[in-house]
Protein chains: 2
Amino acid sequence: MSAAHGRTRGEYAKSSARRQAILEAAVEVFASAGFHRGSLRDVADRAGLSQAGVLHHFPSKPHLVAAVLTWRDDESRQRFVDDVPGGLETVRALVALIEYNQRKTPELVELYATLSAEATSSDHPVHEYFVRRYAWVVGYVQRAFESIAGSGELRADVDPAAAARWVVALMDGLQIQWLYDRDSVDMAAHVRTYIRSLLTVDL
Amino acid sequence: MSAAHGRTRGEYAKSSARRQAILEAAVEVFASAGFHRGSLRDVADRAGLSQAGVLHHFPSKPHLVAAVLTWRDDESRQRFVDDVPGGLETVRALVALIEYNQRKTPELVELYATLSAEATSSDHPVHEYFVRRYAWVVGYVQRAFESIAGSGELRADVDPAAAARWVVALMDGLQIQWLYDRDSVDMAAHVRTYIRSLLTVDL
DNA sequence: GTCTATAGAGGGATAGAC
DNA sequence: GTCTATCCCTCTATAGAC
């Protein structure tokens, strides 16, 4: 994905401070306004430089939003995916990730909820990104459930493929409900309780 | 809701043909483009009149999109909510509604999925509409589960309030997945199977 | 690398003729 | 009720000075 806008990870280091500030500003702007309503001017103002300055670091608006998404994915992956052995641990890491996002990076939750719905249109700049992302996430959770089933810890009447879709759908749907009423929805608790109901062991 | 833009249901009849054509065009436009990217010019072109003509029937863009939402809600309610006794029948009607929407009005699914995510921002024109809508839908499903629990048809370890949130979240999340890959996700089947897993009786 | 200025497109809403 | 014309705004992206 980094290669999509013609840069390798090494090149980012050159002007990383500015780029980082722009990315962080972009998260806030696109999170609350989405891609189409969020403007480069808003991003520029928050990052403390001019709009043309932003376009010096990222050649276009689609490039910027793509960079935001892959940047955050890399972070999440390092924190919660790499080094996780699989099976029950994968599911535990998933719940931990939700808890972390809800508490520490609520703008991120907003960003993904807003963009994933907006990008269902096939001509949206990050449509392909989300197609790949969903395929990967659903497959990842499915493999975890298959591993759990293999050790007899999944309820016999639960289909791993369906359960994977359900868990991912539940996460997305709860995000929406949470965004409308943050005080009365605890996403991580709901997902944990739900996953427990699929297992023969505790989480 | 109709009263929100200063008209009672009776007044609609006057110029209903045009209004109807505009509403149908607006569904298509806002469904695939969302509120902000969808333009009145697009709506006008599809409805076969000028952009100023559209604004004669609906005083502003927010008025138009609000009218679209309440119009479709009224239709759904008449078809699937009124006359439904409650309890298991409510849940069956819910699945029937999903099946109907998926097969007959996919643009509608797209419209609600796109707008519900976009409108999480509190300054969005239809934010309040969705706040009320979620409160109503979740409460409606919760009452159905409570009734089902009352007749011993809900699994003992299932909390009606949590289950209601889960079902609504599952529906929303599956909509997103379905929009990204319409061939490999059967929303109604997933919801039916999931709800079955919460019951002690068949659906 | 950052700025100002501006081109160029597209949008919502209004005025006023018919 | 419907149109054309237009105003005025916002936005992305580019050009070119520093």
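The chains referred to below are lettered A, B, ... by the order of the sequence lines, with proteins before strands, and numbering in each begins at 1.
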Atom-pair distance (NZ on Lys61(B); C1' on dC9(D)), nearest Å: 14 Å
- line: All heavy atoms of Thr114(A) vs all of Gly34(A), minimum pair found to be CG2-CA, 3.5 Å
message: For a ring-ring contact (aromatic ring centres under 6.0 Å, His included) check, start with the C-alpha distance between His127(A) and Tyr180(B), then their side-chain angles and the critical distance, and finish with the verdict.
response: CA-CA 9 Å; His127(A) 178 81; Tyr180(B) 278 111; 5.5 Å; yes
message: Whole angstroms only, please: what is the CZ-P distance between Phe30(B) and dG11(C)?
response: 12 Å
query: In whole angstrom, what separates Leu64(B)'s CG from dG11(C)'s C1'?
result: 15 Å
- request: Measure the distance from CZ on Phe58(B) to P on dG12(C) and round it to the nearest whole Å.
  value: 15 Å
- request: Determine whether the side chains of His190(A) and Thr193(A) contain a donor N or O and an acceptor N or O closer than 3.5 Å.
  value: no
field: Whole-Å distance separating the CG atom of Leu40(B) from the P atom of dT2(D)
entry: 16 Å
query: For Ser116(B), does its backbone N or O pair with a side-chain atom of Thr120(B) as donor and acceptor, under 3.5 Å?
result: no
- request: Before giving the answer on side-chain hydrogen bond (donor to acceptor under 3.5 Å, both in side chains), spell out for Arg37(B) and His36(A) the whole-Å C-alpha distance, their side-chain angles and the decisive distance to 0.1 Å.
  value: CA-CA 7 Å; Arg37(B) 193 166 57 138; His36(A) 294 293; 3.2 Å; yes
Interatomic distance, His36(A) NE2 vs dT10(D) C1' [rounded to whole Å]: 15 Å
- line: Numerically ordered, the residues 41-54 of chain A set in heavy-atom contact under 4.0 Å with DNA chain C is Leu49(A), Ser50(A), Ala52(A)
query: Looking at Arg18(A), does any N or O in its side chain come under 4.0 Å of the phosphate oxygens OP1/OP2 on dT2(C)?
result: yes
- request: Send over the distance from Ile22(A) CD1 to dG1(C) P, rounded to a whole Å.
  value: 11 Å
- request: Determine which pairs satisfy ring-ring contact (aromatic ring centres under 6.0 Å, His included) with at least one residue from residues 75-95 of chain B, sequence neighbours left out, and list them in order.
  value: Phe80(B)-Tyr100(B)
field: Interatomic distance, Leu55(A) CG vs dT4(C) P [rounded to whole Å]
entry: 14 Å
dT2(C) OP1/OP2 closer than 4.0 Å to side-chain N/O of His57(A): yes
